[in-house]
Number of protein chains: 2
Amino acid sequence: MISENSKRKISESTIRRLSLYYRVLSVLEKENKETVSSKELAKREKLTPAQVRKDLSFFGSFGTRGLGYPVMELKKQIGEILGLNRAWNVAMVGVGNIGSALVGYKEFQRQGFHIKLIFDNDQRKIGSNHKGIMVSDIKNLAKELRDNNIEIVIIAVPSTVAQYIVDDVVSAGIKAILNFAPVNLRVPEDVFLRNENMSMELEYLSFALMNLFEGRLTAK
Amino acid sequence: MISENSKRKISESTIRRLSLYYRVLSVLEKENKETVSSKELAKREKLTPAQVRKDLSFFGSFGTRGLGYPVMELKKQIGEILGLNRAWNVAMVGVGNIGSALVGYKEFQRQGFHIKLIFDNDQRKIGSNHKGIMVSDIKNLAKELRDNNIEIVIIAVPSTVAQYIVDDVVSAGIKAILNFAPVNLRVPEDVFLRNENMSMELEYLSFALMNLFEGRLTAK
DNA sequence: TTGTGAATGTGAATTCATTCACAAATTCTA
DNA sequence: TAGAATTTGTGAATGAATTCACATTCACAA
Ligand SMILES: NC(=O)c1ccc[n+]([C@@H]2O[C@H](COP(=O)([O-])OP(=O)(O)OC[C@H]3O[C@@H](n4cnc5c(N)ncnc54)[C@H](O)[C@@H]3O)[C@@H](O)[C@H]2O)c1
Ligand SMILES: NC(=O)c1ccc[n+]([C@@H]2O[C@H](COP(=O)([O-])OP(=O)(O)OC[C@H]3O[C@@H](n4cnc5c(N)ncnc54)[C@H](O)[C@@H]3O)[C@@H](O)[C@H]2O)c1
């Protein structure tokens, strides 16, 4: 599965596009399509066929010339690359507005991201049952993360405390963090931190509307 | 305010970074800093000073040589560029898990994104009060969007119906849409569509963990 | 079995984004 | 007031990502 050039550095945008391909392949699978060309894949994602082929070529040759890519097989391969053919143990810290929306989101579960633990510091929430998961006391964070082999932590606490939480999470040995607090968090070199910044998308739209008639930007 | 090169095409990444600068400037303002250098700004966002200066230079010269940028003034200028010094009328479609989390999120309000309308098709929700806003029937979408001068619509309905909703939203003349449904929506050329794809970030972390020891990627 | 058409895989070319490097401008110090 | 120290703003250089373009491969039909 891993091709000759697997040691090459892969760009972030390529990985993000792999996610997109994966989603489209799931749809094609449901539509009972056996094969798909880079042209078709590109059309569905508003990319170019060359882009699709180049992205995939970093990881191997999955297609057949003259025919295209086998839908099921390619999906499996991309799943392998992205680590979606396995389960990940996830913990949520902070179960307020956004935290509980995410805990209740079944799509994550179906993708293999299993939320195993929920932490909060609110006494009214600790011990209560959230979608079948008992809310743990934030005080036991480190121990519980380790005992449950948690691999990914989602941060959904107020910005003011996010850095403290992250420091504890990192101390517990976690290497992957998804942060929803609108703040720049510091983590060591070897920890992967991604930020989900919803204001940014709204601000982009705001900018777009401001410039709609000034030629700085076009919608497409 | 608009500089000579304002007609130049600005890249998406520059706009996204402007959002970051804006956020850091708000923090600096709270810290009562009068001025800030590109070096300091870069450090806080993990960018290079040259990047910061280049980004800003697309829109004008806001700094003073030897001194740096005036915090308050620069924040105001970026606010002007991004359209954050004004209010935007926003509507939410779908008030389930994620929809209600967003409606209750005060940060949007404070940034000038005022959620004025909420739509749903669930009879139990229609007419009820959500954080001070009466939930409207989706049937009245077009009329209400127009009557209330809505400029931005947020889509938080199941993927299966998202395209239908978007078609109606577009017919009503809306030019900016933020979509949370994990599906590729079709919109006309002149409509700005942004997708908030949380699975993508988790999948990126998954990929990162898979490759941590293979040299394909480093955390920083 | 051969010829035609379709589509991949990939170096090379191109376009786009970032970083370099430095003249110019301004502050600060004495 | 002069000279040292900063820091901007920006062309030029570099680096990264995307697209081009085509030889190669394979399916399929006759
Ligand atoms: N609500 C949204 O739609 C939304 C959108 C984008 C980003 N965010 C960000 O997500 C974060 C959470 O937002 P929210 O709206 O859910 O807020 P919230 O106040 O509803 O929830 C925060 C939760 O964190 C818990 N908490 C506070 N301090 C804690 C600590 N030290 N340890 C453990 N738990 C602690 C609180 O008890 C609460 O349950 C914030 O940083 C917010 O800016 C929220
Ligand atoms: N919950 C999350 O954390 C989360 C995260 C990322 C993305 N999403 C996406 O956001 C969307 C909503 O997710 P959710 O978890 O809030 O689902 P949900 O089922 O809780 O909410 C969906 C809401 O949309 C309403 N609705 C359904 N059909 C409608 C129609 N035709 N017109 C108007 N309203 C209609 C429902 O009544 C409900 O209130 C989904 O596409 C989901 O994939 C959710």
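With rounding to whole Å, A:Phe58 atom CZ is found 10 Å from D:dA16 atom C1'. With rounding to whole Å, B:Phe59 atom CZ is found 14 Å from D:dG9 atom P. Following rounding to the nearest Å, B:Phe62 (CZ) and D:dG9 (P) show an atom-to-atom distance of 9 Å. Atom CD of B:Glu12 is separated from atom P of C:dT18 by 11 Å (rounded to the nearest Å). Rounded to whole Å, the distance from CD1 on A:Ile10 to P on D:dA17 is 10 Å. The nearest whole Å value for the distance from the CZ atom in A:Arg16 to the C1' atom in D:dA16 is 17 Å. Protein atom CD of A:Gln51 is 19 Å distant from nucleotide atom P of C:dT14, rounded to whole Å. C:dT8 atom C1' lies 13 Å from atom CG of A:Leu74, rounded to whole Å.
A salt bridge links B:Arg44 with B:Glu31: at least one charged nitrogen is closer than 4.0 Å to a carboxylate oxygen. Under the 4.0 Å criterion applied to side-chain N and carboxylate O atoms, A:Arg17 and A:Glu12 are not assigned as salt-bridge partners. Classification of B:Arg16 and A:Glu201 as a salt-bridged pair holds, one side-chain N sitting under 4.0 Å from a carboxylate O. Using a cutoff of 4.0 Å between basic side-chain nitrogens and carboxylate oxygens, A:Glu151 and A:Lys116 are not scored as salt-bridged.
Of all heavy-atom pairs spanning A:Gly83 and B:Ser206, the tightest one is O-OG, 3.2 Å. Taking every heavy atom of both residues into account, B:Met92 and B:Val103 meet most closely at CG-CG2, 3.9 Å. Contact record, B:Ala101 with A:Ala101: CB-CB, 4.2 Å, taken as the closest heavy-atom pair.
Comparing C:dT18, C:dA12, C:dG9 by their nearest atom to the side chain of B:Arg17 picks out C:dT18.
The nearest heavy atom of DNA chain C to A:Gly68 and to A:Lys54 marks one nucleotide each, and the one closer to the 5' end goes with A:Gly68.
Note: B:Phe207 and B:Tyr204 have tilted aromatic rings, judged against thresholds of 30 and 60 degrees for the angle between ring planes.
Under the side chain to side chain contact (heavy atoms under 4.5 Å, CB included) rule, B:Asn89 has a single partner from B:Leu145, B:Leu117, B:Ile150, B:Asn148, which is B:Ile150. For the side chain to side chain contact (heavy atoms under 4.5 Å, CB included) test with A:Val170, the passing option among A:Val187, A:Leu185, A:Asp190 is A:Val187; the others fail.
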Protein-nucleotides 22-29 of chain D N/O pairs closer than 3.5 Å?
{"residue": "D:dT24", "atom": "O2", "partner": "A:Arg65", "partner atom": "NH1", "Å": "2.6"}

Using Watson-Crick or G-U wobble pairs with both distances under 3.5 Å, give me DNA chain D in dot-bracket, 5' to 3', with [ ] for crossers and | for pairs to another strand. ||||||||||||||||||||||||||||||
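Side-chain contact between A:Phe180 and A:Ile154: present, with at least one pair of heavy atoms (C-beta onward) separated by less than 4.5 Å.
Listed by residue number, the members of residues 31-42 of chain A with any heavy atom below 4.0 angstrom from DNA chain C are A:Ser37, A:Ser38.
For A:Tyr69, a side-chain nitrogen or oxygen approaches OP1 or OP2 of C:dG9 to under 4.0 Å.
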